[in-house]
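Structure first, commentary second.
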Amino acid sequence: MIKKISLKIGRNELCPCGSGKKYKKCCAMKKSQIDPNDVEAYYKRKYDIRLKDSEAVDKIRKAGDLVVQTHELVKGLIKPGITTDEINAVVHEFTIKNGAVPAPLNYKGYPKSVCLSINDVICHGIPSARELLDGDIVNVDITSILDGFYADANQTHFVGTPSQDAIKIVSVAKESLMRALAVVKPGNTIGDIGHAIQTYAEGQGCSVVREFIGHGVGHDFHEGPQVPHFGRKGHGIPLVPGMVFTIEPMINLGSPELYVLDDHWTAVTRDGSLSAQFEETIVVTETGYESLTPLGL
Ligand code: MF3
Ligand code: CO
Ligand code: CO
C-alpha cells in the first residue's frame, strides 16, 4: 500500500484522470469517478498502472543497486579488442553471482543477458564475436531481477578516442535524459517528459526515436505506463507518487527512422547515422523523483 498521505490530490492539481483540467473542475465534481484517497485503485483500473509501496520500491532499489554495480564493472572493460560476447559473459556471471537473474535472457526469445548496441544500432543489439573498435560508441543496457523485482538502466560509452559526431550524440542523449528527469514531479504529466526530451534533442538538430519508449517496471520487465520520448506539455497521465518507470531516450544524429535486422531484434538507424541512449529507473516521490538506478551521469 502507498501511504495514504501521499495519495491526496490537491484541488488545484491536475486531475489524475488525464483530462488536463484541475481536479476541482473535473473528477472532484463527479462523485462516482474518483476517490482522492484511492489513487492506487484508480491508477490500476484506469491506466493499468501498479503504484509501488515503499516495500516494493525498496526491492526495486536493491535490484537497481546491482544494475549500477554491473554498469561499473562493464565500464572498466570497455576498450578496443573486447568482444560483445565477452561483455555478455561478465554481465551474466556477475548477475548470477549476486543472486539475481539477467532479465533479457530468453525474454520473448532474446538470446543473451545484456543488450549491446554499437554506433548506428539504436537498441537491442545482440552480443556476438564483434570486437569493440577505437572510435565506436556502445550502449550497454542492463536489467536485473533480484528477489522478484526488476530494475533497468543503460548508458552509452566511448570506445577509445571519440569522433566529433560521437561526442555530440552521446552528449545530446545524456542531456535529454537529464532534462526529462528535471520535470518529473507530481502534477506534471507523462507528456511533459516527452516534451522536455523532444524540444531539447530536436533543438540540437538531432531526432527522437518513436518506436521504442520508456515503461513502467518493477513487478515485470515492461508494465504501464508507456513513456514516449516525444510529446506535448500537460498531456498524458499525471505523475503521482509511487509510479515507477524508466525514461530511456534514443536519440539519432540523423533521421529518426529505423529498421529491424533479420535477427528480429537489432534496431538500426535507416540512414546509418549514430544513435545514443541513456536510461534510468525512477520512482515519483512527493516532491520530485528518486533514481533507483543512479548512474551518476
Ligand atoms: N532493456 C530494454 C529496455 O530498456 C529491453 C530489452 S528487451 C531484450 O526496455 F529482450 F532485448 F532484452
Ligand atoms: Co527499459
Ligand atoms: Co533497458
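As the structure lists them, so they are numbered: ligands from 1, and atoms in each ligand from 1.
- If you look at H195 and F230, their ring centroids are not closer than 6.0 Å.
- Cation-pi contact between R50 and Y43: absent, since separation from the ring centre below 6.0 Å together with deviation from the ring axis within 45° is not met.
- In summary, the side chains of H222 and Y107 do present a donor paired with an acceptor at a separation below 3.5 Å, with no hydrogens or angles considered.
- Within the protein, the N, O or S atoms sitting under 2.8 Å from the Co ion (ligand 2) are D152 OD2, H215 NE2, E248 OE2, E279 OE2.
- Side-chain contact annotation: N139 with S117, donor-acceptor N/O pair under 3.5 Å absent.
- Protein residues lining ligand 1, listed by chain and number: P104, Y107, Y110, C115, H124, D141, T143, D152, H215, F221, H222, E248, W265, E279 [non-hydrogen atoms, distance under 4.0 Å].
- Checked against a 6.0 Å centroid threshold, the rings of H219 and Y150 do not count as neighbours.
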Pairs of donor and acceptor atoms involving the side chains of residues 171-183, under 3.5 Å and at least two apart or interchain, shall be tabulated with distances.
| from | atom 1 | to | atom 2 | distance (Å) |
| --- | --- | --- | --- | --- |
| E175 | OE2 | R179 | NE | 2.9 |
| S176 | OG | V172 | O | 2.7 |

Per-pair distances, 0.1 Å, donor-acceptor, side chain in residues 237-249, under 3.5 Å, sequence neighbours excluded:
| from | atom 1 | to | atom 2 | distance (Å) |
| --- | --- | --- | --- | --- |
| T246 | OG1 | H215 | N | 3.1 |
| T246 | OG1 | H215 | NE2 | 3.4 |
| T246 | OG1 | E248 | OE2 | 2.9 |
| E248 | OE1 | Q277 | NE2 | 3.2 |
| E248 | OE2 | H215 | NE2 | 2.9 |

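- Residues E279 and D141 approach most closely at OE1-OD1, 3.1 Å, considering heavy atoms.
- In this structure, a donor-acceptor pair under 3.5 Å is absent between the side chains of S128 and D85.
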